[in-house]
Amino acid sequence: MRGLRIRLTCLLGIAAICGCVSAAGARKTPQIQTLPSLREQAKVIDGWTEERLELIPGLLRKYGVDAWLMSQREYAEDTVFWALKEATQSSARRRTTMLFVADPPGSYTWIDNTKQVWADLRELFAERRPETVALNTHSEIAFSGGLHAGEFEAIVEGLGEEWTGTFVLEPMLGVEVVATMVGSRLEWYMKMQETAWAIIAEAFSEKVIVPGKSSSWDVEWWMRERIQSLNYTTWFQPGVFILTGEGFPAVTSDDPRGDDPRAPNRPIRYGDLIHTDFGVTALGLNTDTQHLGYVLYPGETEEDVPKGMIDGLKKVNRLQDIVRENMKIGVTGNVILKAALAQMHDEGIEGKIYCHPTGEWGHSAGTVIGMSNLQKNVPVLGDLPLLKNTYYSIELFAEHFVPERNMTIKFAQEEDVYWDDETSSWEWVYGRQEELLLIRTPAEDASQGPAEL
Ligand SMILES: *[C@@H]1O[C@H](CO)[C@@H](O)[C@H](O)[C@H]1NC(C)=O
Ligand SMILES: *[C@@H]1O[C@H](CO)[C@@H](O)[C@H](O)[C@H]1NC(C)=O
């Protein structure tokens with residue numbers, strides 16, 4: 001009871017301070033979700049891995065393969081190794097060789113540095129007589145191309161001619177094993193997503209941004225430190241951009257991002273529309289989120305946000321729905337891309353679509369729906385079928401002319417979705433941004449800043 005009362009008080013306190021309850025009704029305020037102890041985390045992750053391993057024989061049958069052989073050495077691991085290892089394993093050891101068999105289902109692991117593993121494998125093959133043995137030798141897809149060239153030579157030599165004729169390539173095997181997000185992962189994925197939203201909300205607030213002083217890079221590094229303080233990590237440097245920023249190309253910063261036109265080398269100012277691309281990593285999962293914020297002038301409230309900016313966000317929200325509706329299971333990413341772009345243009349929207357699987361990796365296994373430089377067709381990856389029971393990042397932008405700034409702005413958003421078998425649709429993992437985050441300054445602070453701000 002006591003805990004509950006404290007939490008309620010906090011929530012009301014936060015809502016009162018930052019005005020997170022809108023006129024339309026209570027809006028949820030994302031909260032930081034702290035991680036369990038490392039020991040508990042390992043238990044949770046191993047539970048998920050166990051469920052994933054159980055899927056493998058069924059997938060071998062689905063793709064008509066009798067056995068799947070993966071072999072690697074310490075620090076030269078197959079990409080799939082990371083999805084199957086125990087939580088306390090930091091790398092493969094010696095030569096780590098894994099064999100999965102479809103029927104009757106079986107799995108075998110050797111950790112060895114002698115030739116015994118090959119003798120054991122030959123004996124096993126002689127007994128089970130697999131007609132097709134899949135190897136991860138794809139030349140384009142990372143998740144089915146993780147067999148190192150030298151290791152392939154070792155396999156060929158170790159197994160001999162009798163078995164090399166059984167070797168096949170089935171790209172969907174590695175892809176589907178890595179892509180499949182067992183249901184028990186979702187609870188933590190939602191918590192991680194909420195944490196990502198909470199960090200962004202904190203970063204894009206007057207707590208962190210001081211208009212006229214804070215630069216994009218100050219905010220990015222604040223986000224990095226904040227993630228670290230929570231014992232989470234990230235899979236890419238957070239990006240913070242000023243979408244209304246002039247400043248390019250007159251940039252003289254020695255910062256490596258100093259020539260990025262989206263992050264001009266000047267402080268964030270009143271009236272700026274700002275954008276972040278942000279992901280957190282924990283428990284072997286990764287999130288990917290892009291949100292927008294607006295810096296109010298001193299004394300302004302949400303009523304004062306330029307209407308053009310609100311309309312831009314609405315437009316990109318509509319584009320999110322178009323993509324989500326077109327994401328039909330079993331259809332290729334390229335077909336979905338074409339249909340979604342056609343509908344986008346029919347509805348009078350200009351923009352770009354570049355969605356990718358996420359979860360196990362930031363850019364995870366599965367088909368992609370466009371890439372920022374490929375809006376007609378994505379070779380190889382775009383031709384894979386869309387799988388269910390996985391997570392996707394709906395990543396895109398819609399262009400919108402903002403009359404108040406006399407400029408066309410790319411309203412970019414990114415939100416993660418998961419496949420919900422009950423509703424047979426893609427659902428937001430935490431939600432999607434429908435209101436701009438606001439950076440507020442009390443009216444009396446106006447006199448303190450330089451006049452041009
Ligand atoms: C981060 O980990 C440290 C060391 O285990 C722990 O003391 C601290 O409470 C953790 N912080 C959070 C926010 O979970
Ligand atoms: C708006 O921008 C265009 C081109 O960028 C310029 O020609 C025009 O004068 C601007 N209009 C106003 C009202 O500033």
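Read the numbers this way: they start at 1 and go in the same order the structure lists the ligands and their atoms. Remember, it's a predicted structure, so these values are computed and weren't measured experimentally.
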(Q) When you compare the side chains of E414 and H356, does any donor N or O come within less than 3.5 Å of an acceptor on the partner? (A)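 There is such a pair between these side chains.
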Q. With no hydrogens and no angle check, do the side chains of Q89 and S91 hold a donor and an acceptor under 3.5 Å apart?
A.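 Side-chain D/A pair, Q89 to S91: absent.
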Q | atom 4 (C) of ligand 2: nearest protein contact (heavy atom, Å) | A |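 Checking every protein heavy atom, the shortest distance to atom 4 (C) of ligand 2 gives N406 ND2, 4.7 Å.
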Q | Residue pair M371 / Q375: nearest heavy atoms and the distance that separates them | A |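 M371 and Q375 have their closest heavy atoms at O-NE2, 2.9 Å.
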Q. Which is closest to atom 2 (O) of ligand 1 by heavy-atom distance: N231, L35, L230?
A.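 Going through N231, L35, L230 one by one, N231 has the nearest heavy atom to atom 2 (O) of ligand 1.
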Q) Do any non-hydrogen protein atoms sit less than 4.0 Å from atom 14 (O) of ligand 2? A)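 True for atom 14 (O) of ligand 2.
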(Q) Please tell me if atom 9 (O) of ligand 1 is touched by the protein, where touching means a protein heavy-atom distance below 4.0 Å. (A)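 Under 4.0 Å from atom 9 (O) of ligand 1, zero protein heavy atoms found.
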(Q) I need the full list of salt bridge (Lys or Arg N to Asp or Glu O under 4.0 Å) pairs touching residues 339-356, with sequence neighbours left out, sorted by first then second residue. (A)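 Qualifying pairs, neighbours excluded: R318-E347.
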